[in-house]
Amino acid sequence: MTNNVTLTRFIIEQQCELPEASGTFTLLLNNIVTACKQIAQKVSRGQLIGVLGSADSENVQGEVQKKLDIITNDIMVNALNWTGHLAGMASEEIDDFIPIPPQYKKGKYLVLFDPLDGSSNIDINLAVGTIFSVLRCREAVEPELEDFLRKGSEQVCAGFVIYGPSTMLVLTTGHGVNGFTLDQDIGEFILTHPNMRIPEETQEFAINMSNQRFWESPVQRYIEECLQGKEGERGKDFNMRWVASFVADVYRILTRGGVFLYPLDNRDPSKPAKLRLMYEANPMAFIIEQAGGLCSTGRERILDIKPDGVHQRVPVVLGSKNEVERIVDYHLSEAGES
Ligand code: F6P
């Protein structure tokens, strides 16, 4: 424990070091966090309040929606659209970006979010989460699509809340990564994991092995060498974990190291990768890099990608520095670039 430093105190103390800070960002973050506390409450009450199961609808990306996908999206939108801090929002669940209703003031930030990541896990009572990314916008304007399509390196803040045995918030504003645990008794996030760092070396990988036949050869090579263990090229045994909930897999890597891959595959040419750049890969890449790790497509740093759409998908390789560098080397040497 770190002397009961609440999230608000932590952010205000950080902002004191920035003379240009107006306090708007602290208020915005408080609104996001209030929404996440409401989501935590719905997730933990589960079937007691009838929120589990399918909504019998599909989102814009053709994925079957759970009731909680819709409920959590509404919670996020309703907690943020009136605040006066935002110029607009974008959500995994909504095709176009979400404007601020005309009766409310517009502000200088954009928020992009996945309101319930890993929602296929909700009915089996495993960890799920909310992921968010904050960008700066031209002030008090009606934003256009171009305002949202910014590189991940331009993020002001990124974070996720994991609804697991404890509810935790992991946050970066570009000055390292800090973890906060929700104290249910007082309803506050308390700083419990200051300055999270990812070990550079690891013996643990995470990948959905059922897709193996669809991967490209650099990924085949990397996983094959891990599986050979002590007797093979790597000279050490590897362990494998796959929660199928991005927030949970990333949280594990932040706490004990490891590498996560959702690589390019040739299953469906219209969807060469699975994870979405703007509200999954970018915020996680910002967090991972700030914790000393790396995040790449295998060929390019995720944070350097110029997006071409709010729901764009990208291959993701992230985690411990040495492993990600090795995987990138395998991609480059295949292309004859190293
Ligand atoms: O993007 C949604 C998501 O559920 C992630 O949270 C997770 O990492 C991944 O998809 C799981 O994919 P799969 O269903 O292929 O295991």
Side-chain angles (χ1 to χ4, degrees), residues 36 39 43 52-55 58-70 72-73 76 90-95 112-133 152 158-164 168 170 204-216 219 223 240-255 258-268 270-285 287-288 293 295-298 302 307 309-319 324:
C36 293
I39 295 173
V43 167
L52 300 188
S54 166
E58 282 189 354
N59 69 11
V60 289
Q61 300 162 68
E63 295 163 342
V64 176
Q65 285 179 306
K66 300 282 182 186
K67 285 184 201 162
L68 267 173
D69 285 320
I70 297 172
T72 55
N73 182 69
M76 289 294 281
S91 164
E92 181 188 10
E93 301 303 325
I94 310 282
D95 197 357
L112 299 94
F113 53 85
D114 177 353
L116 198 67
D117 174 66
S119 59
S120 66
N121 279 331
I122 190 70
D123 294 342
I124 55 170
N125 204 20
L126 287 185
V128 289
T130 300
I131 310 174
F132 58 90
S133 162
F160 67 87
V161 174
I162 176 166
Y163 311 107
M168 287 201 61
V170 174
E204 195 161 69
F205 67 90
I207 194 164
N208 182 342
M209 285 295 295
S210 69
N211 296 327
Q212 181 169 18
R213 67 193 184 283
F214 304 115
W215 302 333
E216 295 185 301
V219 174
I223 297 298
M240 194 198 93
R241 286 285 182 274
W242 184 249
V243 187
S245 181
F246 197 28
V247 286
D249 282 314
V250 169
Y251 187 74
R252 185 188 59 255
I253 288 171
L254 282 166
T255 50
V259 63
F260 169 101
L261 302 95
Y262 213 118
L264 202 64
D265 69 42
N266 62 13
R267 242 180 312 176
D268 172 357
S270 72
K271 284 185 201 155
K274 176 157 192 195
L275 299 178
R276 270 54 57 102
L277 173 64
M278 299 216 62
Y279 40 80
E280 291 183 315
N282 268 345
M284 292 311 199
I287 291 168
I288 291 285
C295 185
S296 169
T297 62
I302 293 277
V310 165
H311 300 292
Q312 177 180 351
R313 295 173 191 262
V314 284
V316 174
V317 177
L318 64 76
V324 176

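Keep in mind that the numbers below use all heavy atoms, side chains included, and drop hydrogens, waters and symmetry copies. Atoms within each ligand, like the ligands themselves, are counted from 1 in listed order.
The pair K274-D265 does not count as a salt bridge, with every side-chain nitrogen at least 4.0 angstrom from each carboxylate oxygen. A salt bridge links D249 to R252: at least one charged side-chain nitrogen sits closer than 4.0 Å to a carboxylate oxygen.
Checking only distances, N211 never comes within under 3.5 Å of ligand 1, N or O to N or O.
For atom 3 (C) of ligand 1, the nearest non-hydrogen atom from the set D117, V243, D114 comes from D117.
Looking at heavy atoms from C-beta onward, D114 lies out of side-chain contact with F160 at the 4.5 angstrom threshold.
For ligand 1, the atoms lying closer than 4.0 Å to a non-hydrogen atom of A244 are 4 (O), 7 (C), 11 (C), 16 (O). Here is the list of ligand 1 atoms found below 4.0 Å of a heavy atom in R276: 1 (O). Applying the 4.0 Å criterion to heavy atoms of G118 picks out, from ligand 1, the atoms 4 (O), 6 (O). Remark: ligand 1 atoms within the under-4.0 Å shell around heavy atoms of E280 are 1 (O), 2 (C).
Residue contacts with ligand 1 for S245 involve N, CA, C or O but no side-chain atom from C-beta outward (heavy atoms, distance under 4.0 Å). Using a 4.0 Å cut-off between heavy atoms, L275 contacts ligand 1 through its side chain alone, with no backbone atom that close.
The closest protein non-hydrogen atom to atom 15 (O) of ligand 1 is Y262 OH, 2.6 Å. With hydrogens left out, the protein atom closest to atom 16 (O) of ligand 1 is W242 NE1, 3.0 Å, a heavy atom. Closest to atom 8 (O) of ligand 1, if we only count protein heavy atoms, is F246 N, 3.4 Å. Scanning all protein heavy atoms for the shortest distance to atom 12 (O) of ligand 1 gives K274 NZ, 3.2 Å.
Under the side-chain hydrogen bond (donor to acceptor under 3.5 Å, both in side chains) criterion, N73 pairs with S91, sequence neighbours left out. With sequence neighbours left out, the salt bridge (Lys or Arg N to Asp or Glu O under 4.0 Å) criterion links E93 to no other residue.
The CE atom of M76 sits 6.0 Å away from the OG1 atom of T130 when rounded to the nearest 0.5 Å.
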For this session: May I have the step-by-step check of side chain to side chain contact (heavy atoms under 4.5 Å, CB included) for L261 and W215, ending in yes or no?
Result: CA-CA 11 Å; L261 302 95; W215 302 333; over 6 Å; no

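Side-chain contact, N282 with S133: no donor N or O sits under 3.5 Å from an acceptor N or O.
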